[in-house]
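Working notes for the structure below.
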There are 2 protein chains.
Amino acid sequence: MMLELQKDYLKRIVPELPELLVKRYLLLRKVYYSAPIGRRTLAAYFHSGEKVLRKEVDLLREQGLLRVEKRGISLTQSGIDLVTAITPYLKSLLGLTSLEEKLLEILKVKRVLVVPGNLEDDEVVLLEMGRAAAKILRECLTPEMILAVSGGTSCAAVADMLSEGPAPPGIEVVPARGGLGEVVDYQANIIAARVAKKLRARYRLLHLPDSLGEEALQIVLKNEKIKEILEMINSAKVLLHGIGIADEMARCRNATPEEIKKLVNKGAVGEVFGLFFNAKGEVVGSIPGLGLYLDDLNKHVHHVIVVAGGRRKAEAIVAVAGNRARNQLVLDEGAARRILEIAGESATDEYLER
Amino acid sequence: MMLELQKDYLKRIVPELPELLVKRYLLLRKVYYSAPIGRRTLAAYFHSGEKVLRKEVDLLREQGLLRVEKRGISLTQSGIDLVTAITPYLKSLLGLTSLEEKLLEILKVKRVLVVPGNLEDDEVVLLEMGRAAAKILRECLTPEMILAVSGGTSCAAVADMLSEGPAPPGIEVVPARGGLGEVVDYQANIIAARVAKKLRARYRLLHLPDSLGEEALQIVLKNEKIKEILEMINSAKVLLHGIGIADEMARCRNATPEEIKKLVNKGAVGEVFGLFFNAKGEVVGSIPGLGLYLDDLNKHVHHVIVVAGGRRKAEAIVAVAGNRARNQLVLDEGAARRILEIAGESATDEYLER
DNA sequence: CCATGCGGGACTTTTTTAGACCCATTTTTA
DNA sequence: TAAAAATGGGTCTAAAAAAGTCCCGCATGG
């Protein structure tokens, strides 16, 4: 409270502080993730003039935070320390801390962590979310547990940012789904393997194409190996997953226009593991055959880490991750603020209904 | 510690923060003590251009901290709140908090409070010191006690800044000395009366010219009234006093050149109540007759509040107020930093002696 | 071995800032 | 009560700072 008070006063007597602080924080953060990086590249990234950027760089270099060399700009050790140390203060200044508290109430989950920035405007935000989620993930690990991970860019970012180093013994990493989409880096299988490698843990793969006909699926499911892995997935104690937007994911899974229409009519907005959720968080559709398996998962798991960002995913996040007491959400500022807007709107709606 | 850490990081990522903060703090503080005050007067005060100052004023007005009216500039309620609330943060930023801790060790007193700024450059500092000391003074008051105050500009400032309002019952305010100097506002008598009025307490006056011959003094001392007051002074539980520079005060008390030379030869650097102290804090001279009385005072008193500022008073402060466990010092930044310098020098001297 | 991207420097244009007034009004002073 | 001083606001101009746009020599990586 005392800190909040001072922060407020500080903003009034030095109103240029937030702007300066955020600007430089974003610069340092970008360099952190992209070093070594050139002056012009940075300028283009921030849509600012070269001279303007150079001034900032010079200033931060004079402060000993940046190192400017022939090969490009990178952070000094102090710069690295600062970027991590100042994040909580910045979040408080930007109102993200109070945003987190509000979302905690609205979404009724275990934890909400909001990363500054918007995924849609700034690619670095994804990495930052990945880093935050990776940290949480490590906290959740205990010996002899199964960790299930989903696919997608968000989980890929977590794998990227996960620190290398041994995890508790006996951990196994499994993909929560089969193959999906074309980009190999975002496949659950690949991500599971990469996470396992970082953790120096074992992993299993699920060799199952995702969009399979009903009959074919029934046959494949009789395969012992696949049955075994599916059982492993279902007994996972930690679950890491992203969130899909319903219609996009349906299209991505080669659903027919009728099927998509059907889903939309049922109010599907969010998707995860091939399960489709409506705004109230109810399952209104699923990939045939696997649906039941995966619906069970939520009942036995201990920790669920959800990583998602971008304003356009807000509805899906509420639908998929809301009202689940075991969920820990890692969001970006864009999604977080949008969720608050939606909640405000629906609250207004309720008010109007009376 | 956490706060210190953040402060440090904040200074590195926004190095212009201290400058901005201090500049505006000083502006607000000046307005606080001088409102309503005009733009040009302020500009002249800060030795800055009119336009520069106007920009700052506009900014602070937009922040709702200043009110700009035909009659002049004054603080809004928020502005008043801010000026008082931000002081501890500012002190920490300027390193005054750590300065206070160092002085506490060096001077071995009960408390050291350092006010930002230098008395010699900025007249407002005196008022700020007065306000700080007045606050401490009120904390020290208990029913039925005697409060003794000395003369001088510092104590006058305390009287000025003392809030109006009742004190614990039965308090009596007495001047610690008789008349001294020409300026009526700085007489101990007048200050005692003003303090008493603010506290809604009773007061007594000491009708005794300070520079009296030895024989005349002996006669006057037989006066019952005077004896009574002198006894009251000696049984004071709270003592508020400033600090004089030895040679200046000697001259002020109409000492002959020989007497002054004698004092200087004895190493006198500081003065209070007509007692002269050398650098080690020993009494090396006094106004005839009253010396013993006043030397006793320090032995029975509970709280001693010392107010002094300006670099040139540093030696005197160390001499008079150092090494007294009951003393609470209110200093300005100028004096405080100079004291630290002196301590460093003498420490170096000791080092060289080995 | 060359092409790309790097930091640093220089030059010009644009924008911002700062200084020096004057004005109508209010407040203080004589 | 009248004169004098001080108030905020406005404006014009000079100065300075900022920003945009190049070019250069160099290292690095394909």
Side-chain angles (χ1 to χ4, degrees), chain A residues 13-24 26-80 123-124, chain B residues 13-24 26-80 122-124 185:
Chain A
I13 195 170
V14 191
E16 49 272 77
L17 178 65
E19 191 196 324
L20 291 174
L21 190 57
V22 169
K23 183 171 65 180
R24 288 170 194 166
L26 292 179
L27 177 54
L28 291 176
R29 189 171 73 174
K30 175 61 181 171
V31 173
Y32 177 80
Y33 286 113
S34 310
I37 184 172
R39 207 204 310 146
R40 283 173 267 270
T41 315
L42 275 175
Y45 183 83
F46 288 110
H47 309 291
S48 77
E50 183 191 323
K51 203 66 184 263
V52 179
L53 189 120
R54 204 196 298 204
K55 212 176 85 183
E56 290 303 314
V57 168
D58 284 348
L59 184 141
L60 293 173
R61 182 181 46 76
E62 277 163 25
Q63 293 301 314
L65 301 174
L66 288 181
R67 190 184 304 118
V68 176
E69 293 164 321
K70 283 277 176 199
R71 25 195 324 260
I73 300 162
S74 49
L75 291 188
T76 63
Q77 187 56 47
S78 313
I80 295 172
E123 61 198 44
V124 161
Chain B
I13 195 169
V14 191
E16 49 271 77
L17 178 66
E19 191 195 324
L20 290 173
L21 190 57
V22 169
K23 181 171 66 179
R24 288 171 194 166
L26 292 179
L27 176 55
L28 291 175
R29 188 170 76 173
K30 176 59 181 172
V31 173
Y32 177 81
Y33 285 113
S34 310
I37 183 171
R39 207 199 318 141
R40 289 173 193 74
T41 315
L42 275 174
Y45 183 84
F46 288 110
H47 309 291
S48 77
E50 182 191 323
K51 204 64 182 273
V52 179
L53 189 120
R54 206 196 295 203
K55 212 177 84 182
E56 291 302 314
V57 168
D58 285 348
L59 184 142
L60 293 173
R61 182 180 47 76
E62 277 162 24
Q63 294 299 315
L65 300 173
L66 288 180
R67 190 185 302 117
V68 177
E69 294 163 321
K70 280 274 177 204
R71 23 194 328 258
I73 300 162
S74 49
L75 290 187
T76 63
Q77 188 55 48
S78 313
I80 296 172
D122 185 350
E123 60 197 46
V124 162
D185 281 338

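Heavy-atom basis, side chains included; hydrogens, waters and symmetry copies ignored. Below, read A as the first sequence line, B as the second, and so on, with proteins coming before strands; counting in each chain starts at 1.
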Boundaries of the DNA chain C segment in contact with chain A, non-hydrogen, under 4.0 Å: C/dC6 to C/dC11

Per-nucleotide protein contact string for nucleotides 7-12 of chain D (B base, S sugar-phosphate only, - none; heavy atom under 4.0 Å): BBBBBB

Residue pairs passing the salt bridge (charged side-chain N to carboxylate O under 4.0 Å, His left out) test where at least one lies in residues 64-75 of chain B, sequence neighbours excluded: none

Euclidean distance, atom CG of residue A/L59 to atom P of D/dA19 [Å, nearest integer]: 13 Å

The helix from C/dC1-D/dG30 to C/dA30-D/dT1: angle between end helix axes, five pairs per end, rounded to 10 degrees: 30°

Between side-chain atoms of residues 53-64 of chain A and protein atoms elsewhere (two or more places apart, or another chain), which donor-acceptor pairs fall under 3.5 Å?
unit_1 : atom_1 : unit_2 : atom_2 : d
A/R54  : NH2    : A/E50  : OE2    : 3.3
A/E56  : OE1    : A/R24  : NE     : 2.7
A/E56  : OE2    : A/K23  : NZ     : 3.4

Could you pull out all residues at least two apart from [X] that satisfy side-chain contact (heavy atoms from CB on, under 4.5 Å)?
X     : answer
B/Y32 : B/L75, B/I80, B/R131
A/A35 : A/V31, A/S74
A/V22 : A/L26, A/L90, A/L94

A/T76 side chain to A/G79 backbone, donor-acceptor under 3.5 Å: yes

Residues that B/T41 engages under side-chain hydrogen bond (donor to acceptor under 3.5 Å, both in side chains), provided they are two or more places apart: none

Residues forming a side-chain hydrogen bond (donor to acceptor under 3.5 Å, both in side chains) with A/Q77, sequence neighbours excluded: A/D81

Gap between atom OG of B/S78 and atom CD1 of A/I13 - 0.5 Å precision: 12.0 Å

Side-chain touch A/K30/A/F46, heavy atoms, less than 4.5 angstrom: yes

